[in-house]
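The block underneath contains the structure these notes are about, expressed in structure tokens.
Within every chain, numbering begins at 1; the chains are lettered A, B, ... in the order of the sequence lines, protein sequences first and strands thereafter.
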Amino acid sequence: MTGNFVIYNTLTRKKEVFKPLVEGKVGLYVCGPTVYSDSHLGHARPFITFDVLYRYLNYLEYKVRYVRNITDVGHLEDEVEGSGEDRISKKARLEKLEPMEVVQKYMNSFHFNMMQLNVKPPSIEPRASGHIIEQQELIESLLTKGFAYESNGSVYFDVEKYNQDFDYGKLSGRNLDDIRTNTRKLDGQEEKKNSFDFALWKKATPEHIMRWSSKWSDGFPGWHLECSAMSTKYLGEKFDIHGGGMDLTFPHHECEIAQSTANLGEEPVQYWMHNNMIKINGQKMARSLGNFVTLQELFSGNHEILEQAYSPMTIRFFVLQAHYRSELDFSNEALQASEKGLNRLMTALSTLNEIQASKVSTVDFDSVKEKCFAALNDDLNTPIAIAHLFDGVKIINSIKAGKESISVRDLNDIKSFYNKVVFEILGLQEENSDAKENSEILSGVVELLIELRKQAKSNKDWGMADKIRDDLNKIGIEIKDTKDGVDWMLK
RNA sequence: GGUCUCUUGGCCGAGUGGCUAGGCAGUGGUCUGCAAAACCAUGUACGGCGGUUCGAAUCCGCCAGAGACCUCCA
């Protein structure tokens with residue numbers, strides 16, 4: 001119905017027509033969050049991006065199994081921080097919580113944020129801590145096949161050996177010689193044959209709380225391992241799409257490919273998709289850089305750099321107004337633009353329900369529809385798709401204004417088109433309307449005040465009329481005099 | 001230092017050899033007692049310097065600036 005869906009594949013650095021391994025079915029894996037603190041705006045981007053991918057694949061009538069992991073075993077800290085302490089256990093000590101309590105807390109808040117952003121839950125959300133056995137089995141297999149070696153209770157992946165049979169660095173465009181000469185010297189690497197070897201199993205230091213027993217040592221899995229183990233378990237040895245942030249390309253995804261390929265003999269993933277970063281003041285927003293704004297802060301406006309609160313849908317729309325492979329600059333001005341743009345789009349959708357159909361259509365909506373889907377098909381180009389939605393808005397408004405007319409059939413067609421694209425595929429939703437509809441008491445009170453104001457107006461008592469309007473405005477209720485009467489909404 | 005990417009009008013952001021998105025802001029207008037909202041109209045921008053071409057923001061080269069990765073990171 002909608003032509004070929006094209007995806008930019010990081011592996012080939014080209015756009016490719018998407019063709020699933022199994023007709024009609026898609027296996028999708030996306031790197032999920034490490035749950036040790038609240039999610040920030042940067043985290044929201046991949047989850048919104050791949051949520052739209054998931055929704056679009058569903059729209060294209062694929063049966064999708066979407067796996068998105070939760071990293072809850074913690075990984076090594078930056079060496080500069082000392083100790084090699086697990087980042088989750090470190091936080092736990094600071095807050096005097098059990099590690100799993102920290103995990104639970106932030107997993108809950110992550111889920112809540114995702115719900116606010118209308119990000120659909122994945123089909124399976126496996127936790128690394130629940131797949132220690134699978135990860136150990138994978139290590140075992142790599143040891144048996146000679147791609148890993150044990151050293152002082154830890155197990156490392158032998159990159160050199162792997163590179164003899166396969167191509168280490170193909171995803172990120174590196175080769176081993178470059179890596180060899182350019183890898184920085186880090187401490188605590190004497191155990192490894194080569195500095196670029198990475199841990200599959202790490203022996204825990206005494207103060208490390210999160211640990212599991214194994215034949216090698218009491219320890220914990222290396223940070224690339226869980227994705228290999230869990231994607232294989234739930235999606236099979238070969239699956240269609242793997243997504244994640246661009247900053248994970250190397251080393252994380254590179255190592256993931258190496259582990260899986262060494263184990264399975266062939267590459268597991270057909271299409272690698274990477275979203276770009278959100279920037280703030282010209283720099284990547286990242287926890288480590290301390291320049292982040294959490295989603296909760298964004299939604300409440302409670303952060304010094306925020307001029308106001310921004311609703312979840314504003315954030316979602318903001319993210320979708322840029323292509324997922326482009327950098328996106330954060331600023332109050334940009335966010336406010338998105339807020340107003342979204343409002344314009346949503347207003348047009350409700351206008352759609354007020355339009356009276358005529359016998360004939362004087363407008364042609366087909367090109368809007370075609371261009372919109374063409375954009376989505378072109379590597380999920382949501383900004384272009386949205387641009388065409390706005391072209392449609394212009395048409396809708398001119399019908400409303402009586403400049404154009406539309407037949408019943410075409411009107412229904414447009415309604416279903418906007419429903420599909422805006423709500424189903426882009427995953428936007430109405431905000432605020434709930435409060436208005438759900439509170440009969442409030443609604444009754446406001447209607448009464450509007451009635452009183454109307455009387456004041458007919459008596460030309462502008463002072464009273466304006467007082468009612470302005471005071472309501474102060475407590476967050478906006479009164480609008482429109483052609484068709486008085487409308488009100490919660491701000 | 002190595003690998004890679006980017007530089008578009010006041011802001012955010014598409015595009016990638018000729019047809020010169022879209023949103024926001026600004027300006028003008030419609031509506032209105034006023035206001036807000038809404039709606040309509042309106043902007044010829046592509047870092048600099050060369051080159052290729054009938055024609056370049058789009059291709060090539062150089063220069064300048066910014067960023068990402070190489071280390072936990074969405």
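- Considering only side-chain atoms of A/Pro251, the nucleotide from B/C70, B/C4, B/G13 that sits closest is B/C70.
- One can place CD1 of A/Ile399 at 14 Å from P of B/C39, the figure rounded to the nearest angstrom.
- Between the side chain of A/Asp466 and the base of B/G33 there is at least one donor-acceptor pair of N/O atoms closer than 3.5 Å.
- In terms of polar N and O atoms assigned as donor or acceptor, the side chain of A/Arg344 never comes within less than 3.5 Å of the base of B/C39 in a complementary pairing.
- In this structure, A/Gly42 reaches the bases: a heavy-atom distance under 4.0 Å links it to at least one base atom across the strands shown.
- As judged by a 4.0 angstrom heavy-atom cut-off over every strand, A/Asn343 is placed among residues touching the sugar-phosphate backbone only.
- In this structure, A/Asn275 places its CG atom 20 Å from P of B/G67, rounding to the nearest Å.
- At the heavy-atom level, A/Arg174 lies under 4.0 Å from base atoms of the strands shown.
- Taking atom C1' in both B/G47 and B/A56, one finds a spacing of 15 Å when rounded to whole Å.
- Checked against the 6.0 Å centroid threshold, A/Tyr156 and A/Phe198 do not count as a close aromatic pair.
- The listed nucleotides are B/G67, B/C34, B/G22; the one nearest the side chain of A/Phe390 is B/G22.
- Remark: C1' of B/A14 and CG of A/Asn377 are 17 Å apart, rounded to the nearest angstrom.
- Residue contacts shown for A/Lys457 include a base, since a base heavy atom lies under 4.0 Å away.
- Comparing atom distances between the A/Asp391 side chain and each of B/C34, B/G22, B/C69 picks out B/G22 as nearest.
- Rounding to whole angstrom units, OH of residue A/Tyr168 and C1' of B/C69 are separated by 12 Å.
- Side chain of A/Glu333, nearest nucleotide from B/G10, B/A35, B/C69: B/G10.
- When the P atom is used for both B/A25 and B/C39, the distance is 11 Å, rounded to whole Å.
- Backbone-only engagement by A/Asn381 is indicated by non-hydrogen atom pairs under 4.0 Å involving sugar-phosphate atoms exclusively.
- Taking atom CD on A/Gln283 and atom P on B/U7, their separation rounds to 19 Å, with Å as the unit.
- Taking the six-membered ring for Trp and the full ring otherwise, A/His224 and A/His253 have centroids separated by 6.0 Å or more.
- Tested against A/Tyr324, the residues A/Asp379, A/Asn381, A/Asn275 include a single side chain to side chain donor-acceptor pair (under 3.5 Å) partner, A/Asp379.
- Base engagement by A/His40 is indicated by at least one non-hydrogen atom pair under 4.0 Å involving a base atom.
- Taking the centre of each ring, A/Tyr56 and A/Phe5 come in below the 6.0 Å mark.
- You'll find that the side chain of A/Leu328 is closest to B/C12, out of B/C12, B/G67, B/G22.
- Of the two residues contacting RNA chain B, namely A/Ile395 and A/Ala337, the nearest-nucleotide position lying further toward the 5' end is that of A/Ala337.
- More than 12 heavy-atom neighbours from other residues, nucleotides or ligands sit within 6.0 angstrom of CG on A/Asp364.
- Across the protein-nucleic acid pair, A/Lys284 atom NZ and B/G67 atom C1' stand 11 Å apart, rounded to whole Å.
- Nucleotides B/C19 and B/U3 place their P atoms 37 Å apart, quoted to the nearest Å.
- Counting to the nearest Å, the P atom of B/U7 and the CG atom of A/Asn276 are 11 Å from each other.
- In this structure, the nucleotide among B/A14, B/C12, B/G33 sitting nearest to the side chain of A/Ile384 is B/A14.
- When rounded to the nearest whole Å, the span between NE2 of A/His253 and P of B/A68 equals 19 Å.
- A/Tyr271 and A/His242 have their aromatic ring centers separated by at least 6.0 angstrom.
- Comparing the C1' positions of B/G43 and B/A21 gives an interatomic distance of 14 Å, to the nearest angstrom.
- Stem regions annotated for RNA chain B: B:1-7 with B:64-70, B:10-12 with B:22-24, B:26-30 with B:38-42, B:47-51 with B:59-63, counting only runs of 3 or more consecutive pairs of Watson-Crick or G-U type with both contacts under 3.5 Å.
- Taking atom P in both B/G18 and B/G13, one finds a spacing of 24 Å when rounded to whole Å.
- For the pair A/Ile450/A/Ile479, a side-chain contact is recorded, criterion being any heavy-atom separation below 4.5 Å from C-beta on.
- Across all strands, A/Ala322 comes closer than 4.0 Å only to sugar-phosphate atoms, never to a base (heavy-atom distances).
- With a 6.0 Å radius and a threshold of 12 heavy atoms from other residues, nucleotides or ligands, A/Gln356 has its CD atom at or below the threshold.
- Atom name P, nucleotides B/C4 and B/A38: the rounded distance is 48 Å, in whole Å.
- Which of B/C40, B/A21, B/G33 sits closest to the side chain of A/Pro383 comes down to B/A21.
- Of the P atoms belonging to B/A57 and B/U52, the separation is 15 Å, rounded to the nearest Å.
- At the heavy-atom level, A/Ser326 lies under 4.0 Å from the strands shown only through sugar-phosphate atoms.
- Heavy-atom minimum distance, A/Ser123 versus A/Tyr54: OG-OH, 3.9 Å.
- In terms of position on RNA chain B, the residue among A/Gly245 and A/Lys340 whose nearest nucleotide sits closer to the 5' end is A/Lys340.
- Going from the C1' atom of B/A68 to that of B/C49 covers 27 Å, rounded to whole Å.
- Residue A/Lys467 qualifies as open at atom NZ: its count of foreign heavy atoms under 6.0 Å is 12 or below.
- Checking B/C39, B/G67, B/A35 against the side-chain heavy atoms of A/Asn397 singles out B/C39 as nearest.
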